[in-house]
Amino acid sequence: MSTELDLSRRPAKTAETGPVNLSGLSLVKLRERMEELGIDKKKAKMRAKQISHWMHNFGVTDFDGMTNIAKDMRAKLEQNHIVARPEITEHKVSVDGTQKWLSKFGPGIEAESVFIPDVARSGALCVSSQVGCTLSCTFCHTGTQKMVRNLTAQEIVAQVLVARDTLQEWPTPSENRKLTNIVFMGMGEPLYNLDNVVEAIDTISDCEGISIGRRRITVSTAGVAPKIPELGARTNAMLAISLHATNDDLRDEIVPINKKYNLECLFDAIRSYPDLSNSKRVTFEYVMLKGVNDSLSEAVDLIKLLKGMPAKINLIPFNEWPGSPYKCSDWETIEAFAEVLNRAGLSAPIRTPRGRDIFAACGQLKSESVKKRASEALKEKLAKKEDPAG
Ligand code: SAH
């Protein structure tokens, strides 16, 4: 007996086998999927909108709940599709209310997301755009993890859906939300994954779905200068720059992408970011590293550098991680640094470290599997020190 495979019935693949997950897909992708199912163009657009509304406004995770879609259509969808969340391999809640999720998107593909509640009566979700990072900033834990791969737009959106599930914020609340803001400040460099970040922002900001406005979405970059104006033009999101140094010599060392795009080049790009104004300012992140970038003369240099730019500064106390080569500046030093900036009329709040106990603070994110290897390496190093013959 011979059997023939009917390839025409094979679902479009996200994984090699199995049904296609629609959860987190953009309207464009959903419409394409509907057209692939043989639905005519006009209807496909409408179906895509309906399904997106159920998934991203109501948070449903099965087709049964999609009550305004005819039963036979639902049955047809069910044959080859699912509405699924990623597997959560870790979920931790800090004593300060910060929460961290590790989502598994495939074998060895894990990314972290962190929810930081109560920031001025709002809550921000910090999402990852890549698994690992290519940048190797010397103070960043994620930077010691090898680049694994870009996350897809669907995987970026999934991080928001997972947080909404835990926070029980379905359907999308119109007021008194816990999750109000999204920051692309997790693992990875968003501007090295710009197409997927743009698509994810389209879905996250869709007012009939997750509905988090573009002004409440911030994308942080270490300084991929040529992509900065493009980010603005394609997303209208808020821009944050991981600055951390006021001169090229130091920035070359601690944020090595500076060797490719130096401060002059970076600031030219920032000035081309669309619609900058006092109500749409650029955030400059500045991590406080003891004895490295925290002198008062550097605060003065920072003022000069930001002259004429609609800017606010976020001073981030350095979060230490096992084996980190820096210490956090003393609290008095950070306050004195902030004071110099404030006196020059610059807004420079000191970011309270959140979620340190669950290893969820800035720059501490790193997938568990690699974390173990790093700690093993550290143990070996220490063992060698104890045994000089070794
Ligand atoms: N690659 C992007 C997105 C990551 S954002 C970027 O660099 O902007 C993560 C933020 O946390 C960046 O500002 C980064 O510089 C900062 N950071 C990294 N390690 C840190 C640490 N150990 N302590 C405090 N902040 C850190």
Side-chain angles (χ1 to χ4, degrees), residues 94 98 100 112 114 116 126 132-147 185-189 220-223 240-259 262-263 266 283-302 305 313-341 348-367 370-382 384-385:
S94 158
T98 300
K100 180 173 91 168
E112 285 182 314
V114 176
I116 308 145
C126 178
C133 192
T134 55
L135 292 176
S136 311
C137 300
T138 51
F139 50 86
C140 179
H141 199 202
T142 313
T144 64
Q145 177 179 359
K146 273 217 181 96
M147 172 67 178
M185 295 185 186
M187 294 159 65
E189 170 49 52
S220 178
T221 176
I241 303 287
S242 295
L243 188 63
H244 309 317
T246 55
N247 63 74
D248 281 322
D249 279 351
L250 179 60
R251 201 162 189 273
D252 280 353
E253 191 187 315
I254 65 178
V255 186
I257 195 183
N258 195 71
K259 290 183 211 154
N262 66 15
L263 285 169
L266 176 61
T283 301
F284 288 90
E285 295 155 277
Y286 197 94
V287 63
M288 299 299 295
L289 304 170
K290 188 174 187 162
V292 176
N293 64 355
D294 61 355
S295 69
L296 295 185
S297 72
E298 276 157 310
V300 174
D301 290 344
L302 192 50
L305 198 59
I313 302 164
N314 247 324
L315 296 177
I316 316 174
F318 172 62
N319 291 305
E320 293 178 23
W321 36 272
S324 60
Y326 303 105
K327 293 259 167 280
C328 181
S329 308
D330 300 326
W331 195 252
E332 306 82 76
T333 310
I334 302 178
E335 284 192 327
F337 197 95
E339 179 63 22
V340 173
L341 301 172
I350 304 167
R351 200 191 279 171
T352 327
R354 305 290 301 260
R356 274 182 173 173
D357 57 330
I358 57 164
F359 234 66
C362 287
Q364 291 185 313
L365 305 185
K366 190 167 174 177
S367 309
V370 188
K371 230 183 264 170
K372 271 185 206 131
R373 255 183 271 142
S375 61
E376 271 160 25
L378 192 70
K379 252 188 240 156
E380 275 168 28
K381 210 169 136 191
L382 292 175
K384 265 195 185 157
K385 265 194 193 156

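Note that the coordinates shown come from a computational prediction; the quantities given were computed from them, not determined experimentally. No hydrogens, no waters, no symmetry mates; every other heavy atom, side chains included, goes into these values.
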*Applying side chain to side chain contact (heavy atoms under 4.5 Å, CB included), name anything that partners A240, two or more places apart in sequence or on another chain.*
M185, T218, S220, T283, E285

_Looking at every heavy atom in both L135 and A222, which two are closest together, and how far apart are they?_
CD1-CB, 3.6 Å

*Between CG on residue N293 and CG on residue L250, distance to nearest 0.5 Å*: 6.0 Å

_Rounded at 0.5 Å granularity, tell me how far CG in L263 sits from CG in D252._
8.5 Å

*Heavy-atom distance under 4.5 Å between the side chains of V287 and Y326, does that happen here?*
no

*From K259 NZ over to E253 CD, what is the distance, rounded to the nearest 0.5 angstrom?*
9.0 Å

*Closest heavy-atom contact between V255 and C137?*
CG1-SG, 4.0 Å

_Closest non-hydrogen atom pair between P317 and I334, with its separation_ = CB-CD1, 4.2 Å

_Within-4.5 Å side-chain heavy-atom neighbours: E320 and K327_ = yes

_Let me confirm one number: the OG-CG distance from S324 to N319, rounded to the nearest 0.5 Å._
9.5 Å

*So, Y286 versus T246: side-chain donor-acceptor pair below 3.5 Å or not?*
no

_Shortest non-hydrogen contact from I254 toward L289_ = CD1-CD1, 4.2 Å

*Can you measure from CG (L305) to CZ (F284) and round to the nearest 0.5 angstrom?*
7.5 Å

*Residue pair L243 / R251, side-chain heavy-atom distance below 4.5 Å*: yes

*Considering non-hydrogen atoms only, spot the tightest contact between V292 and E298 and give its length.*
O-OE2, 3.5 Å

_Checking the side chain of D330 only, and the main-chain atoms of E332 only, is there a donor and an acceptor separated by less than 3.5 Å?_
no

*Kindly say whether D248 contributes a backbone atom to a donor-acceptor pair with the side chain of N262 at under 3.5 angstrom?*
no

*Spatial distance of atom CD1 (I316) from atom OG (S329) [nearest 0.5 Å]*: 12.0 Å

*Could you label the plane-to-plane angle of the H141 and W321 rings as parallel, tilted or perpendicular, counting under 30° as parallel and over 60° as perpendicular?*
parallel

*Please tell me if the side chains of F337 and T333 come closer than 4.5 Å, counting only heavy atoms from C-beta onward.*
no

*asked:* So which atom in G223 and which in L266 form the shortest heavy-atom distance, rounded to 0.1 Å?
replied: CA-CD1, 3.7 Å

